[in-house]
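Comments concern the structure below.
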Amino acid sequence: MRTQVAIIGAGPAGLLLGHILHRVGIQFVILEQKSREYILGRIRAGVLEQGSVDILHELGLDSDLAERGLTHHGIYLQYEGQRHHIDFLDLVGRTVTIYGQQALVKHLLAEHDRIGSDVRFEVDDVQPHEVEGDAPFVTAVHDGEELRIDCDFVIGSDGYHGVCRPAIPGIRALERSYPYAWLGILSHVPPSTDDLIYALHPSGFAMHSMRSLEVSRLYLQVDPDESIDDWPDDRIWEQLQLRLGTPGWTLHEGAISEKSITPMRSFVASTLEHGRLFLAGDAGHIVPPTGAKGLNSAIADVALLGRSLVARYGGDEGPLKSYSRSALARQWKVQQFSQWMTEMLHVHRESPDEATRAFRYRTQVGQLEYTTGSRHAQAALAEQYAGLPF
Ligand code: FAS
Ligand code: PHB
């Protein structure tokens with residue numbers, strides 16, 4: 001078959017790009033290795049930047065978001081038993097919206113079904129070919145049938161473990177890992193807070209987020225090699241109560257419906273392009289979730305890439321030629337913010353020397369005291385958390 005753009009991966013990046021192309025009549029196909037049920041069941045991010053909300057609105061894809069999203073004016077930073085509100089709306093005139101990635105993927109896919117998009121699930125052995133030339137193609141196996149899809153462009157929105165990044169010769173990745181992980185739970189109990197709480201505690205980082213006014217999403221810092229089997233529900237709640245507790249405040253507990261441990265690492269590819277192949281989202285970069293930037297970075301890439309492809313089909317090659325450089329420049333600013341939030345809020349146990357660990361912890365308390373005491377520092381956090389311009 002022939003199409004104009006072959007999109008590999010039906011995560012938020014691939015699904016959103018398909019909608020951008022559809023609006024201007026650019027043909028595409030989306031090839032996904034997992035089943036429809038699998039991608040609809042993935043529980044991941046929970047916060048949309050203002051820019052992400054704006055692009056969904058611009059594309060007419062925000063009806064569910066408008067109904068179920070929760071607008072938050074800021075976050076709380078907590079340390080040494082004190083909880084401080086950072087008011088984004090007051091500081092930078094922007095807000096964030098709590099809206100689970102699972103709900104976003106479900107809505108984007110339902111809209112593809114409604115417009116009759118060609119989205120294929122359980123596709124195996126997807127491979128891009130001849131992307132250096134002007135007639136690339138993709139091969140794959142679907143329902144036992146070998147596919148060849150001739151196209152103008154191949155988009156690798158196939159995530160960190162995808163096939164597209166490795167298809168770029170000589171590509172390098174700058175990366176780092178963190179000596180801790182996040183244990184996340186979903187609990188069917190109304191949130192005990194209005195805005196998200198990020199807490200530094202001597203026992204470790206903890207966070208109170210949410211998915212709705214009925215469902216709470218909470219996280220605990222754990223060691224990267226820990227097993228979820230070592231964390232029965234009562235131990236999870238005991239640590240959440242310890243790390244999030246403040247005088248006069250109650251953390252309401254409930255049944256835990258999902259729990260998992262996610263490692264924390266960062267990586268950025270040296271390029272997001274090779275000939276007619278372009279990478280977007282986790283295929284090109286990942287960040288630790290502390291700054292709520294993973295999903296939003298994928299959306300930012302796709303907003304830029306989508307506009308660049310539309311310009312290219314309109315005869316202007318400029319935006320597409322600068323896509324990789326522009327997207328990576330924005331991503332490095334996101335990386336430094338995510339690293340800053342992560343290192344400020346997690347307990348660092350790497351050093352065997354207790355005095356070194358104590359010194360590190362006190363400098364983090366100093367960072368938090370400066371940030372919560374300075375309107376300028378708060379504005380810098382607000383500007384980055386609510387989202388840099390696309
Ligand atoms: P995705 O990984 O979502 O999608 C890629 C798609 O490509 C997948 O569906 C995959 O099956 C498919 N694919 C891969 N290889 C393929 C192949 N060879 N052929 C066909 N299809 C292929 N971000 C936050 O902001 N906050 C969070 O709290 C947060 N928590 C996370 C927890 C976990 C466990 C993980 C893994 C990520 C988390 N993230 C979080 C980051 C996450 O939200 C990503 O940034 C987001 O999913 C990126 O979207 P995509 O780039 O579309 O990649
Ligand atoms: C979430 O709700 O899953 C969430 C929110 C903010 C973060 C990370 C995760 O920084």
Side-chain angles (χ1 to χ4, degrees), residues 6-18 30-36 38-49 52 70 72 75 96-102 104-105 108-109 119-128 138-142 154-167 181-186 191 195-198 205 207-212 215-219 258 260-265 279-302 305 331 334 337-338 341-342 345 385 387:
I7 300 171
I8 301 175
L15 292 172
L16 182 61
L17 179 61
I30 299 176
L31 305 176
E32 167 57 49
Q33 70 177 357
K34 300 290 188 185
S35 68
R36 176 187 284 263
Y38 182 90
I39 71 157
L40 289 173
R42 275 190 305 219
I43 296 167
R44 285 187 169 172
V47 174
L48 291 180
E49 294 175 357
S52 298
L70 302 172
H72 280 200
I75 61 170
V96 293
T97 301
I98 302 299
Y99 184 65
Q101 178 171 326
Q102 200 175 5
L104 176 62
V105 166
L108 292 178
L109 191 51
V119 184
R120 303 186 193 190
F121 294 94
E122 298 179 82
V123 181
D124 296 320
D125 303 333
V126 176
Q127 276 300 330
V138 173
T139 55
V141 176
H142 189 221
V154 180
I155 307 302
S157 49
D158 49 351
Y160 181 69
H161 300 289
V163 292
C164 290
R165 189 176 66 254
W182 275 17
L183 186 159
I185 67 167
L186 267 186
D195 284 346
L196 273 52
I197 303 168
Y198 290 77
F205 168 80
M207 192 177 100
H208 191 326
S209 182
M210 61 195 76
R211 285 294 175 272
S212 68
V215 178
S216 294
R217 176 75 166 159
L218 298 110
Y219 294 96
E258 194 272 342
S260 59
I261 292 178
T262 303
M264 299 188 86
R265 59 179 167 228
L279 305 179
D282 275 19
H285 42 71
I286 53 173
V287 281
T290 326
K293 293 298 161 214
L295 171 58
N296 290 294
S297 293
I299 293 173
D301 281 355
V302 163
L305 181 56
Q331 178 56 207
V334 165
F337 172 69
S338 302
M341 284 282 280
T342 300
L345 288 160
Y385 193 104

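Every heavy atom of this structure was used, including side-chain atoms; hydrogens, water molecules and symmetry mates were not. When a ligand or atom number is given, it counts from 1 through the structure's own listing order.
Annotation: the span from L196 atom CG to I98 atom CD1 amounts to 4.5 Å, rounded to 0.5 Å. Going from atom CG of L305 over to atom CD1 of I155 covers 4.5 Å, rounded to the nearest 0.5 Å. To the nearest 0.5 Å, the span separating CZ on R265 from OH on Y160 amounts to 4.5 Å. The OG atom of S209 sits 7.5 Å away from atom NE2 of H72, with the distance rounded to the nearest 0.5 Å. In this structure, CD in E32 is found 9.0 Å from OG in S157, a value given to the nearest 0.5 Å.
At least one donor-acceptor pair closer than 3.5 Å links the side chain of D158 to the backbone N or O of V163. Checking side-chain atoms of H208 against main-chain N and O of D195 turns up no donor-acceptor pair under 3.5 Å. A donor-acceptor pair under 3.5 Å links the side-chain atoms of N296 to the main chain of V47, judged by distance alone.
At a threshold of 4.5 Å between non-hydrogen side-chain atoms, the residues I43 and R217 count as touching.
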Measure from every N or O atom of ligand 1 to the protein's N or O atoms and keep only the pairs below 3.5 Å, writing each with atom names and distance to 0.1 Å.
unit_1, atom_1, unit_2, atom_2, d
ligand 1, 2 (O), R44, NH1, 3.2
ligand 1, 3 (O), R44, NH1, 2.9
ligand 1, 9 (O), E32, OE1, 2.8
ligand 1, 9 (O), E32, OE2, 3.3
ligand 1, 9 (O), R42, NH1, 3.2
ligand 1, 9 (O), R42, NH2, 2.8
ligand 1, 11 (O), E32, OE2, 2.6
ligand 1, 21 (N), Q33, N, 3.1
ligand 1, 25 (O), G294, N, 3.1
ligand 1, 25 (O), L295, N, 3.4
ligand 1, 43 (O), Q101, OE1, 2.5
ligand 1, 45 (O), D282, OD1, 2.9
ligand 1, 45 (O), G294, O, 3.2
ligand 1, 45 (O), L295, N, 3.3
ligand 1, 47 (O), R44, NH1, 3.0
ligand 1, 47 (O), Q101, NE2, 2.9
ligand 1, 51 (O), D282, N, 2.9
ligand 1, 52 (O), P12, N, 3.3
ligand 1, 52 (O), A13, N, 3.0

Tabulation required: pairs of a nitrogen or oxygen in ligand 2 and a protein nitrogen or oxygen under 3.5 Å; columns are atom names and distance to 0.1 Å; otherwise 'none'.
unit_1, atom_1, unit_2, atom_2, d
ligand 2, 2 (O), S209, OG, 2.6
ligand 2, 2 (O), R211, NH1, 2.7
ligand 2, 3 (O), R211, NH2, 2.8
ligand 2, 3 (O), Y219, OH, 2.6
ligand 2, 10 (O), Y198, OH, 2.7
ligand 2, 10 (O), P289, O, 2.7
ligand 2, 10 (O), T290, O, 3.2
ligand 2, 10 (O), A292, N, 3.3

